[in-house]
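Some notes on the structure that comes next.
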Protein chains: 2
Amino acid sequence: MVTIKDVAAHAGVSTATVSYVLNGQGSIPAETQRRVWESVTTLQYHPRHAARAMRGRSHTLGVSIARGYDRLADPTAAEVLAGMADAASQRGLSLLLIPRTDDPAAGCVQVARSGQVDGVVLFDPEHADARLDALVAAGIAHVCIGQVGAVWVTHDVALGMTQAVQHLVHLGHRAIGLIAPDPELVSSDWYVESYMAAMESQGLMVPEGGVLAGGRREADGEAAMAELLALDERITAVIAASDELAYGAMRAIRDAGLVVGRDVSLMGFDDLPPAAYLQPPLTTMRQPRYDMGVAAIGLLEAQVTHATPAQTHLVLAPKLIIRASTGQMVMHDS
Amino acid sequence: MVTIKDVAAHAGVSTATVSYVLNGQGSIPAETQRRVWESVTTLQYHPRHAARAMRGRSHTLGVSIARGYDRLADPTAAEVLAGMADAASQRGLSLLLIPRTDDPAAGCVQVARSGQVDGVVLFDPEHADARLDALVAAGIAHVCIGQVGAVWVTHDVALGMTQAVQHLVHLGHRAIGLIAPDPELVSSDWYVESYMAAMESQGLMVPEGGVLAGGRREADGEAAMAELLALDERITAVIAASDELAYGAMRAIRDAGLVVGRDVSLMGFDDLPPAAYLQPPLTTMRQPRYDMGVAAIGLLEAQVTHATPAQTHLVLAPKLIIRASTGQMVMHDS
DNA sequence: TATAATCGGTTAATCGATTAACCTCCCACG
DNA sequence: CGTGGGAGGTTAATCGATTAACCGATTATA
């Protein structure tokens, strides 16, 4: 293993000089700098990360992704992660996946307290998340993906819901139902409230029993949709709070002998890759996943370096993607 | 920041004793150990990772995921990553996402040479991968996901292809086509050769023009399928080398006015979550993604610790998932 | 009786890089 | 001529943990 001493010896200077050259500090004449850099490249020298980290920061950020319902295998998460990875790389930071142990909160604190990471991104915060409490208690810099805690990044659910309802209203729909997310997810209330507000601003009544807590998986969406179809009041359009819920809802509609986009209009929220390949292709609100990852790293780095975060949260706009699962409302014979 | 000195002072012993207790070495009487551990917990001491890493290993493994066609946002990759994350956690290792810079090869070497990681998982090796060459040249421990290099983990393409062809033959198909992967992917040849072998062992001829290099995305599958449908010889079943290719192929079949599973049987390779929700649901070979991640970490750790790897590669079996996109062959009027 | 091992620890060297403090030489200025 | 000051470095302390070597007293072994 080649160290700074080897470089110093090779270049005929002291280790201090090498260090100054490497870090662009001190007043080293160009000729000496050239010699040092030459030695660095010929010896293939790479400063030891551990030795650097002993003084100052580790230049590594941690990402906490819970187990259980596996967010890591969720394409939504993967895209956010891609954004974080690129943003971190660009700033010369590394990303560490925080070990997924039995006690995630302890894991987050341990990895930060040990100086392995300078800050933590909380990927999938839930209501009363033990990790968040632990990070706050330990005074560790952190950012949440989702509207929770003090510093967070999220997509604009209110704006998305407004656009969704407007889209359906333009198509002539009045009786619009909602399959809400798992109530355990922090954003759940926001979906429901945004939907209510959007309906009200359009002068529409929320159908009785027209708002159902869905869950997370396709099966949950299927069950919820079946319930919505059984209501007294005929619902002509449904907004699912995620694409995955919409997949299930679509199946339920088909199983009921109805046609998606004609008898019942259906919208998702996500725009996952397969959405365009469903039959019919799914109208959905595309979330700015990649950008959320980028933004999260930005907020976290600001916290780590400046201690006084200029910005505590960021709300990024989603985008309405119109496909064939929503269509003009048609009159039915009663 | 609480250090080992603080713990030593609090427990009334030397720092060496604390270190021995922490690492379970030396012969420290139970009573002293108790005192030390008590101090550790009351002071909330976490050993500095950097200081530990200065001597010995960093206990961190790197994962290199290329940019471009974004594997990180690919659900296939995410599940492998989940397996790696869990396996690493279980062994007390951390996982570092290697910064995605302009020169990935340099990045891999840098992160290992600097001691930030003890070894590297090459996620998406391609033919003549610069990263692989660089890792070999630098003598850095590494494992590839996919059959390339000296140490690797993969799913059993040959077995999968055999089962796929058998399945189709049982349904009465004889003219079976293949939409192969992007030729740039290392496993591409393996798919084609396995398909050939499977056909031969079933006593079948490969239809002329029945093997097409697909690509990676849905659109590639769509184009390839359109070509297959235009062949002189009527092809009644098609194996796509990935689910994503199958999505596109399905669309092409529909666009040609044919019914998937009746006029043309179609198989994928992956079993991504949406496969079950396509219309019709997709018959496919489920890849042992999670287990591949687990296995990769195992092979890499063995390399890092024992220097002489007991095992250099692992081939995991896929599983045939039969759904409605494949069906009994029906006779057509010519 | 001489030698060696055990006990419960301690002391101090060490890992590799950073950086404050200092050193020497040389030139300019009063 | 003496002094100040910059240019171009060097020396050595430091970060926090690990670990080989060692301590003196006691007991077991040859």
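Given the structure is predicted, the values throughout are model-derived calculations rather than measurements. Throughout, a chain's letter reflects where its sequence line sits, starting with A, and its residues are numbered from 1.
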Determine: side-chain N/O of Arg52(A) to OP1/OP2 of dG16(C), distance under 4.0 Å, yes or no. no
Base, sugar-phosphate alone, or nothing: which one does Arg55(A) contact when heavy atoms must sit under 4.0 Å apart? base
Write down the distance between CD1 (Ile4(A)) and P (dT11(D)), rounded to a whole number of angstrom. 14 Å
With a non-hydrogen cut-off below 4.0 angstrom, is Thr3(A) in contact with a base, only sugar-phosphate, or nothing? sugar-phosphate
Let me know the distance between NZ of Lys5(B) and P of dC15(D), rounded to the nearest Å. 6 Å
Mind checking Val18(A) for me? I need base, sugar-phosphate or nothing, with any heavy atom below 4.0 Å counting as a touch. nothing
Between Arg35(B) and Glu38(B), does any side-chain N to carboxylate O distance fall below 4.0 Å? no
Return yes if the base of dA17(C) and the side-chain atoms of Tyr45(A) contain a donor-acceptor N/O pair under 3.5 Å, otherwise no. no
Nearest-nucleotide comparison on DNA chain D, the residue closer to the 5′ end among Gly12(A) and His46(B): Gly12(A)
Have a look at Arg48(A) and say if it touches a base, only the backbone sugar-phosphate, or nothing, with a 4.0 Å heavy-atom cut-off. sugar-phosphate
Looking only at side-chain N and O atoms, does Thr17(A) come under 4.0 Å of OP1 or OP2 in dT10(D)? yes
If I take atom NE2 in residue His49(A) and atom C1' in nucleotide dT18(C), what distance separates them, rounded to the nearest angstrom? 15 Å
Among the nucleotides dA12(C), dA12(D), dG9(C), whichever has the atom closest to the side chain of Thr15(A) is dA12(D)
Which sits closer to the 5' end of DNA chain C, Ala51(B) or Arg35(B), going by the nucleotide each is nearest to? Arg35(B)
Note: for Met54(B) and Leu22(A) on DNA chain C, the residue whose nearest nucleotide lies more 5' is Met54(B)
How far does CD of Glu79(A) sit from CG of Asp291(A), to the nearest 0.5 angstrom? 10.0 Å
At less than 4.0 Å, is any side-chain N or O atom of Thr32(B) found next to OP1 or OP2 of dG9(C)? Yes or no. yes
The reported gap from CG in Leu43(B) to CG in Asp6(B) (rounded to nearest 0.5 angstrom) is 7.0 Å
Here the distance between atom P of dT19(D) and atom CG of Asn23(B), to the nearest Å, is 7 Å
Check whether any side-chain heavy atom of Tyr20(A) lies under 4.5 Å from a side-chain heavy atom of Val36(A), and answer yes or no. no
Name the closest nucleotide to the Ala16(B) side chain, picking from dG8(D), dC15(D), dT10(C). dT10(C)
Where the side chain of Tyr20(A) is defined as all heavy atoms beyond and including C-beta, which of dT18(D), dA17(C), dA20(C) is the nearest nucleotide? dA20(C)
To the nearest angstrom, how far is Gln25(A) atom CD from dG8(D) atom C1'? 16 Å
Output the rounded distance in Å from CZ (Arg57(A)) to P (dT18(C)). 16 Å
Can you check whether His313(A) reaches Gln147(A) side chain to side chain, under 4.5 Å on heavy atoms? no
